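Order of appearance sets the numbers: ligands from 1, and atoms from 1 within every ligand. On a predicted model such as this, the values are computed, not experimentally measured, just so you know. Throughout, residue positions are numbered sequentially from 1 according to the sequence presented.
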Amino acid sequence: MTEKEARLRAEMSRLCRSLFERGFSVGTAGNVSARLDDGLLITPTNCSLGDIASDRIARLDATGRHVDGPRPSKEIFLHRALYETRPGTGAVVHLHSTWATALSCRSDLDPEDCLPPLTPYVVMRVGTVVRVPYVAPGDPRAGTLIRELRGRAAAVLLANHGPIVAGVDLASAVAAAEELEETAKLAFILRGMPVDTLTAADVTTLETAYRGMKPG
Ligand SMILES: [Zn+2]
């Protein structure tokens with residue numbers, strides 16, 4: 001194992017535990033992956049994010065074949081769809097976090113733009129959030145739906161299921177998933193109130209200044 005892979009495994013174990021301990025994931029919900037030079041690391045199936053040792057992470061080769069460690073998450077196809085359509089994606093985080101999942105259930109949502117630009121941080125770290133229609137868990141059509149977005153967004157809500165977010169690396173994918181969750185919460189808190197959002201010009205300025213924070 002390379003030094004880089006060992007470092008990535010340790011970081012994945014630490015960040016997954018942190019997500020679990022702070023309530024972003026409950027039970028065995030959620031899965032996290034990171035790109036290697038010659039493949040992918042992904043959290044195992046049926047495993048709490050709070051309990052993933054660095055040597056108990058699944059490894060896939062560049063073709064997606066499972067080559068080492070426990071059985072990979074059943075939701076691997078969601079991750080692969082983002083790696084394939086968003087160049088520069090170094091890591092992907094999928095959660096069933098409460099507020100973002102609540103948002104994914106709303107029938108009044110614009111599927112092309114699910115979250116208003118309430119703060120600069122959501123613009124910088126998350127960008128436009130889109131929603132794809134509901135399919136049953138494990139149904140590979142969810143991967144097709146993400147591919148059909150052609151990399152248009154780094155953050156996707158799976159309807160009635162939860163968010164999936166791509167980042168340039170593990171730390172930024174986790175930070176983006178957290179930012180999405182907190183902004184969804186703000187959107188619910190502010191629902192029905194008159195709200196000032198950032199203007200289109202504010203958003204453009206931030207996107208220009210922080211280009212590269214998200215995989216493009
Ligand atoms: Zn899921």
### Query
Does the pair Glu11/Arg7 count as a salt bridge with the N-to-O cut at 4.0 Å?
no
### Message
For the residue pair His161 / Glu75, report whether a side-chain donor-acceptor contact shorter than 3.5 Å exists.
### Response
yes
### Query
Does the pair Arg17/Asp51 count as a salt bridge with the N-to-O cut at 4.0 Å?
no
### Message
When you compare the side chains of Ser172 and Asp169, does any donor N or O come within less than 3.5 Å of an acceptor on the partner?
### Response
yes
### Task
Apply side chain to side chain contact (heavy atoms under 4.5 Å, CB included) to Arg59 and Glu5, showing your working.
CA-CA 10 Å; Arg59 192 187 201 290; Glu5 179 175 344; 3.1 Å; yes
### Query
Is it true that Arg22 and Glu178 have a side-chain N and a carboxylate O under 4.0 angstrom from each other?
yes
### Summary
The number of protein N, O or S atoms lying under 2.8 Å from the Zn ion (ligand 1) is 5
